[in-house]
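Structure first, commentary second.
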Amino acid sequence: MNVLKRLFFGSMTKPESKKPDPAKRLVDIQLAGVMHSFYLPLSFADQLSKALEEPKAGGFFTYDSENGTSYAINLDCINLVHMPDESHVIESGDAEGFSVFLVGHGKRITLGVLYEEQLGGALWDTGLKFLRMGNYYFNQDDVALIVINKGHSATRGPK
């Protein structure tokens, strides 16, 4: 009977949940109407809070995590920031290489690994109207979030 119960009702023992790391914090950010969750070191929450408190908050807030993932968040696109007191562990759902989230689009544009030659100008240069990444040009005002995952920052291409 135990075998039938397991087949139909699953395991009788509850799986152990991962305990949150006290050095990390869950931060939920609504960017241009789309909710994104970040489980990063406390420094992320602190630096984001300071960036939002600046009188001329705008442009991109950038953060490099210890796992090699970098984020650029358009401060002008933030609708809501929630930092719950009780945190839970979440796994990264970030795609490898460069990903871009645009205002008005819920899905990411995955660009993959890019080389320096494929990037037009400085990524976070607020003086530029357009960002070039690979074969794509993005109006900087339309970019809500850029994620560069697993240390795939721009490197020199093969010679």
Side-chain angles (χ1 to χ4, degrees), residues 18-84 87-159:
K18 292 183 181 177
K19 295 187 179 179
D21 181 346
K24 292 188 177 181
R25 180 92 187 236
L26 180 67
V27 180
D28 295 320
I29 304 174
Q30 188 179 51
L31 293 166
V34 178
M35 196 61 111
H36 299 270
S37 294
F38 302 87
Y39 184 68
L40 293 169
L42 292 172
S43 61
F44 172 76
D46 293 341
Q47 291 175 26
L48 178 62
S49 294
K50 287 177 186 171
L52 290 171
E53 290 170 1
E54 288 182 16
K56 292 184 178 182
F60 283 92
F61 163 75
T62 59
Y63 184 81
D64 297 319
S65 71
E66 77 264 356
N67 70 356
T69 302
S70 298
Y71 303 92
I73 299 170
N74 188 339
L75 293 173
D76 295 328
C77 292
I78 294 178
N79 304 115
L80 168 79
V81 176
H82 179 242
M83 298 179 196
S87 201
H88 61 276
V89 177
I90 62 170
E91 299 296 324
S92 171
D94 296 328
E96 292 287 321
F98 282 69
S99 294
V100 177
F101 294 84
L102 298 176
V103 173
H105 300 285
K107 295 182 180 177
R108 82 177 76 222
I109 297 171
T110 304
L111 304 176
V113 177
L114 298 176
Y115 300 104
E116 284 180 15
E117 298 82 17
Q118 296 174 292
L119 300 174
L123 273 181
W124 327 127
D125 183 353
T126 55
L128 295 177
K129 180 72 175 161
F130 291 94
L131 300 174
R132 180 172 67 92
M133 290 185 262
N135 294 325
Y136 294 87
Y137 287 85
F138 300 99
N139 182 329
Q140 190 163 335
D141 295 337
D142 293 338
V143 175
L145 171 66
I146 299 172
V147 179
I148 307 167
N149 192 19
K150 303 287 187 212
H152 290 295
S153 59
T155 57
R156 293 215 177 270
K159 296 277 178 185

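Under the 4.5 Å side-chain criterion, counting only non-hydrogen atoms from C-beta, Leu145 is not in contact with Val100. Taking 4.5 Å as the limit, some side-chain heavy atom of Cys77 sits within range of a side-chain heavy atom of Val103. Residues Asp141 and Asp76 have side chains not in contact (no heavy-atom distance under 4.5 Å, counting atoms from C-beta outward). At a threshold of 4.5 Å between non-hydrogen side-chain atoms, the residues Phe138 and Ile109 count as touching. For the pair Lys107/Leu102, no side-chain contact is recorded, criterion being any heavy-atom separation below 4.5 Å from C-beta on. With contacts defined as side-chain heavy-atom distances shorter than 4.5 Å, the pair Arg108/Val147 does not qualify. Contact annotation: the side chain of Phe60 approaches that of Val143 to within less than 4.5 Å [non-hydrogen atoms, C-beta and beyond].
Remark: His36 pairs with Phe101 by the ring-ring contact (aromatic ring centres under 6.0 Å, His included) rule, at least two apart or across chains. Considering only residues two or more places apart in sequence or on other chains, Tyr137 meets the ring-ring contact (aromatic ring centres under 6.0 Å, His included) condition with none of them.
The minimum heavy-atom distance between Met83 and Arg25, with the atom names listed, is O-NH2, 2.9 Å. The minimum heavy-atom distance between Met35 and Gln30, with the atom names listed, is SD-N, 3.6 Å. For Asn74 against Gln140, the heavy-atom pair with the smallest separation is ND2-O, 3.7 Å. Across all their heavy atoms, Ala144 and Ala32 have their closest contact at CB-CB, 4.5 Å. The shortest heavy-atom contact between Ile29 and Val27 is CG1-CG1, 3.7 Å. Closest approach of Gly33 and Asn79 over heavy atoms only: N-OD1, 2.8 Å.
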*asked:* One pair to check against side-chain contact (heavy atoms from CB on, under 4.5 Å): Leu48 and Phe61. What are the steps and the verdict?
replied: CA-CA 7 Å; Leu48 178 62; Phe61 163 75; 3.8 Å; yes
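Ring geometry for Phe38 versus Phe44: interplanar angle of 30 to 60°, hence tilted.
Atom OG1 of Thr62 is separated from atom CD1 of Ile146 by 10.5 Å, given to the nearest 0.5 angstrom. With rounding to the nearest 0.5 Å, the separation of CD1 in Ile78 from CG in Leu80 is 9.5 Å.
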